[in-house]
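Just the heavy atoms: all of them, side chains too, but no hydrogens, waters or symmetry mates, feed the values below. Heads up: numbering here begins at 1 and tracks the sequence.
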Amino acid sequence: MKKKGFKNILLKNKVSDRVANLQKVGNPRCFETIKIQNRQLQNIAWHNRRFNQTRVDLFGIKEPLLLENLIQIPNDLDVGVFKCRVIYSKEIEKIEFEKYTPRKVQSLKIVECDDIEYSYKYYDRTKLNELFLKKENCDDILIVKNGLLTDTSFANIVFWDEDKWITPSKPLLQGTARSRLLKTRKIFESEITIVDIRKFKKARIINAMNDLNESINISRIE
């Protein structure tokens, strides 16, 4: 690793940020990715929270829905781990399933971008995909916005300081796994700069499909 070493919030944004964001994106499509393990929806309460908050913020829909009442797991879905994707705007557009194949991410390329905006789980990932092309010989990217570390292209990140796991306090997206782990005090948050990376001993990525205890260590950040 070129830079040695590796620095509690619920699902929340400032109202002004939400309004500004809505003006930028117009009428977007969003999605939730939910882990299905042995035919059981995992951590569904956290997905419900983000899903319904997004519906309020972006579409003004205040009547909550429970995703478990909308998702019917197919009879032919074998025991194992699957990914359920719920695509929606003002209404549910599609619910799809696929066998989950973990992405092996062991190296990250630092990419700076001050104008990226992904505070909701938008279906349109054009900007993230453009940044991903800059990963060079690494497996994924680590995005820096306004001098602070945020996320990889598809997951939040956590760093180990020999005492606890720390996650950037200003992520692009407040993921459901991140919010749950903060709430249960298994991770903590702090502002992290590029220089701070050297203070940490290891790093992992987390998202709905890849929990903290399931993630592998990142071996290189450059």
Side-chain angles (χ1 to χ4, degrees), residues 8-37 40-73 81-98 100 116-125 127-128 143 145 150-158 165 167-189 205-212 214-215:
N8 272 295
I9 211 167
L10 294 177
L11 299 173
K12 61 182 181 179
N13 288 314
K14 293 181 180 178
V15 173
S16 59
D17 291 341
R18 294 173 183 166
V19 173
N21 189 59
L22 178 56
Q23 292 173 344
K24 291 178 183 178
V25 299
N27 185 29
R29 300 169 78 201
C30 299
F31 71 105
E32 280 293 320
T33 299
I34 304 163
K35 183 177 183 178
I36 299 177
Q37 188 162 13
Q40 298 294 317
L41 297 169
Q42 303 296 303
N43 302 306
I44 193 63
W46 292 94
H47 291 285
N48 280 330
R49 182 175 302 198
R50 181 171 64 185
F51 167 69
N52 284 302
Q53 189 64 65
T54 299
R55 292 170 74 239
V56 170
D57 293 348
L58 298 187
F59 310 116
I61 301 173
K62 297 181 180 180
E63 182 180 358
L65 295 175
L66 296 179
L67 289 168
E68 59 266 37
N69 293 339
L70 303 172
I71 299 170
Q72 183 173 356
I73 299 176
V81 179
F82 290 81
K83 180 188 295 185
C84 173
R85 186 181 293 108
V86 180
I87 303 170
Y88 67 98
S89 53
K90 290 184 177 180
E91 297 181 352
I92 303 295
E93 297 184 4
K94 183 188 293 186
I95 299 177
E96 52 193 20
F97 304 85
E98 65 179 84
Y100 176 58
I116 187 167
E117 171 61 46
Y118 197 74
S119 54
Y120 297 91
K121 198 169 176 65
Y122 299 123
Y123 190 77
D124 183 353
R125 290 173 44 88
K127 187 65 174 181
L128 288 170
I143 302 168
K145 180 177 180 178
T150 62
D151 300 328
T152 71
S153 71
F154 73 104
N156 296 129
I157 190 167
V158 294
W165 289 101
T167 193
S169 59
K170 295 184 178 179
L172 297 179
L173 178 71
Q174 297 196 33
T176 56
R178 178 185 184 277
S179 296
R180 173 173 49 82
L181 292 168
L182 283 167
K183 178 65 175 179
T184 55
R185 297 182 65 80
K186 293 182 179 179
I187 65 173
F188 302 85
E189 63 178 0
I205 57 174
I206 55 172
N207 61 18
M209 301 300 300
N210 193 43
D211 213 342
L212 180 61
E214 300 168 332
S215 182

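- Rounding to the nearest 0.5 Å places OG1 of Thr167 at 5.5 Å from CG of Asn156.
- Of the possible polar contacts, one joining the Gln42 side chain to the Gln40 backbone as a donor-acceptor pair under 3.5 Å is found.
- Here Arg85 pairs with Glu98 in a salt bridge; the nearest charged N to carboxylate O distance falls below 4.0 Å.
- How far CD1 of Ile87 is from CZ of Arg29: 5.5 Å, rounded to the nearest 0.5 Å.
- Contact detail for Ser169 and Glu189: the closest heavy-atom pair is CA-OE1, 3.7 Å.
- Here the side chains of Lys145 and Ile116 are in contact, with some heavy-atom distance below 4.5 Å.
- Taken to the nearest 0.5 Å, the CD1 atom of Ile34 stands 15.0 Å off from the CH2 atom of Trp46.
- Scanning all heavy atoms of the two residues, the minimum distance from Arg55 to Leu65 falls at NH2-CD1, 3.5 Å.
- Between the CG atom of Leu172 and the OG atom of Ser119 there is a distance of 9.0 Å, given to the nearest 0.5 Å.
- Across every non-hydrogen atom of Ala155 and Ile206, the tightest pair is CB-O, 3.4 Å.
- Of all heavy-atom pairs between Thr33 and Lys121, the closest is OG1-CE, 3.8 Å.
- Rounded to the nearest 0.5 Å, atoms CD1 (Ile61) and OG1 (Thr54) are 11.0 Å apart.
- Tested against Asp211 for a salt bridge (charged side-chain N to carboxylate O under 4.0 Å, His left out), the candidates Arg180, Arg178, Lys186 yield a single pass: Arg180.
- Among all heavy-atom pairs drawn from Glu32 and Arg50, the shortest one is OE2-NE, 2.7 Å.
- Between Asp151 and Pro168, the closest side-chain pair of non-hydrogen atoms is not below 4.5 Å.
- The closest donor-acceptor contact from the side chain of Thr150 to the backbone of Ile143 lies under 3.5 Å.
- When atom types are taken as modelled, the side chain of Arg125 and the backbone of Phe154 share no donor-acceptor pair closer than 3.5 angstrom.
- Within a 6.0 Å sphere centred on CD of Gln72, heavy atoms belonging to other residues, nucleotides or ligands number 12 at most.
- At distances below 3.5 Å, at least one donor-acceptor pair connects side-chain atoms of Asn48 with backbone N or O atoms of Leu67.
- With a 4.5 Å cut-off on side-chain heavy atoms, Pro28 and Tyr120 do not count as touching.
- The two atoms that bring Asn210 and Ile205 nearest to each other are ND2-O, 3.1 Å, heavy atoms only.
- Between Tyr118 and Tyr122, the two ring planes are perpendicular [angle over 60°; tilted spans 30° to 60°].
- Rounded to the nearest 0.5 angstrom, His47 NE2 and Ser179 OG are separated by 10.5 Å.
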| message | Test side chain to side chain contact (heavy atoms under 4.5 Å, CB included) on Thr176 and Asn43; report intermediate values, then the result. | response | CA-CA 8 Å; Thr176 56; Asn43 302 306; over 6 Å; no
| request: Under the side chain to side chain contact (heavy atoms under 4.5 Å, CB included) rule, what do Leu70 and Val86 come out as? Steps first, then yes or no, please. | output: CA-CA 9 Å; Leu70 303 172; Val86 180; over 6 Å; no
